[in-house]
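Since this is a predicted model, take the numbers as computed values, not measurements.
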Amino acid sequence: MGPCRIARTPRVAFVGAGPGDPELITLKGLRRLREAEVVLHDRLVPPELLDEVRPGATIVDVGKAPGRRCLGQGEINWLLVDWARRRERVVRLKGGDPALFGRLGEEIEALRAAGIAFEIVPGVTAATAAAAHAGISLTARGRASTLVFATGTDHGGGLPAALDWDFLAHVEGTLVFYMPVGSLPSITAALTTLGRDPREPAILIERVGMAAERVIAGRLGDIAEEGRAAGVEAPAVLVTGPTVAAASAPLTVRRVRCHAVM
């Protein structure tokens with residue numbers, strides 16, 4: 001047998017930063033971040049995590065935000081490939097979990113086409129963090145055995161027409177909508193018009209895991225109005241389903257215009 005080779009860390013690591021709270025990153029994710037020579041990060045990653053990057057490393061903000069010039073996905077793909085060819089360790093730091101609504105597939109495709117090795121370090125996603133902070137379970141034996149994660153907005157900022165709204169209206173379980181703020185009235189109207197009970201408990205959780213996190217509780221039929229009245233802004237998630245009735249308000253969470261959801 002030939003000499004044993006020590007496996008090298010892949011040149012690019014996609015790391016989930018978690019939603020807002022810097023302590024929710026995994027140990028492996030934090031280790032990869034501290035080892036990185038280049039970090040390409042999204043807009044909503046906890047800024048405290050960037051303090052963990054080694055001195056002299058290159059940090060590039062590739063996040064998208066309204067009102068500022070943002071890099072297109074093609075440019076981000078090119079940067080990943082270019083830096084990986086020039087450096088040994090690159091971290092693509094994404095908010096939440098990199099595999100959920102983060103264009104991970106497009107970036108992986110670019111690396112594979114260039115023959116660059118990569119790994120994915122999962123992170124805590126906004127849905128699970130939101131449920132934890134609200135004191136609810138996303139599933140429950142005999143009540144909610146199905147859990148659906150859906151996007152609340154399409155590429156143009158409107159209601160996603162490609163979603164199977166009839167299925168969502170009738171599925172017996174918990175629905176979580178990411179990025180729902182701009183389409184909230186349309187989302188709730190589509191669900192209730194097609195048969196989902198407007199009295200079903202629902203919560204909006206704004207800025208999950210951040211210091212300014214808020215929980216707005218109501219029912220599916222009125223949660224859009226509750227959110228509008230409370231001035232909810234992105235980022236936020238909408239959670240609706242039978243287990244939401246058990247929501248509590250931990251001391252770390254400010255609850256706005258809270259109504260009973262029994």
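Across Ile223 and Ile216, no two heavy atoms sit closer than the pair CD1-O, 3.6 Å. For Val45 against Gly95, the heavy-atom pair with the smallest separation is CG1-N, 3.7 Å.
Under the side-chain hydrogen bond (donor to acceptor under 3.5 Å, both in side chains) criterion, Asp21 pairs with no residue, sequence neighbours left out. Checked against side-chain hydrogen bond (donor to acceptor under 3.5 Å, both in side chains), Glu206 has the following partners two or more places apart in sequence or in another chain: Arg214. With sequence neighbours excluded, no residue forms a side-chain hydrogen bond (donor to acceptor under 3.5 Å, both in side chains) with Arg31. Under the ring pair (Phe, Tyr, Trp, His ring centres under 6.0 Å) criterion, Phe118 pairs with no residue at all, not counting sequence neighbours.
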Please test Val181 against Glu233 for side chain to side chain contact (heavy atoms under 4.5 Å, CB included), starting from the C-alpha separation and ending with a verdict.
CA-CA 7 Å; Val181 175; Glu233 297 179 349; 5.7 Å; no
Verify salt bridge (Lys or Arg N to Asp or Glu O under 4.0 Å) between Arg34 and Glu52, making sure each step is shown before the conclusion.
CA-CA 6 Å; Arg34 288 170 173 169; Glu52 300 292 336; 2.9 Å; yes
Test side chain to side chain contact (heavy atoms under 4.5 Å, CB included) on Val239 and Leu138; report intermediate values, then the result.
CA-CA 9 Å; Val239 185; Leu138 291 170; 4.2 Å; yes
Side chain to side chain contact (heavy atoms under 4.5 Å, CB included) evaluation trace for Leu80 with Ile116
CA-CA 10 Å; Leu80 276 173; Ile116 294 169; over 6 Å; no
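Within the 3.5 Å criterion, the main-chain N or O of Pro242 finds a donor-acceptor partner in the side chain of Arg143. Between the side chain of Arg54 and the backbone N or O of Glu35, at least one donor-acceptor pair lies under 3.5 Å. Looking only at distances, no side-chain donor or acceptor of Thr146 sits under 3.5 Å from a matching main-chain atom of Gly173. With hydrogens and angles ignored, the 3.5 Å screen pairs a side-chain donor or acceptor of Arg196 with a backbone N or O of Val171. Of the possible polar contacts, none joining the Ser183 side chain to the Pro180 backbone as a donor-acceptor pair under 3.5 Å is found.
The CG atom of Asp97 sits 9.5 Å away from atom CZ of Phe149, with the distance rounded to the nearest 0.5 Å. Residue Met179 holds its CE atom at 7.0 Å from OG1 of Thr153, rounded to the nearest 0.5 Å.
The shortest distance between side-chain heavy atoms of Leu50 and His41 falls below 4.5 Å.
Residue pairs satisfying the salt bridge (charged side-chain N to carboxylate O under 4.0 Å, His left out) criterion with at least one member in residues 99-118, sequence neighbours excluded, are listed as follows: Arg92-Glu107, Lys94-Glu107.
Under a 4.5 Å side-chain heavy-atom cut-off, the cluster of Ile, Leu, Val, Met, Phe, Trp and Tyr residues that includes Leu27 has no other member.
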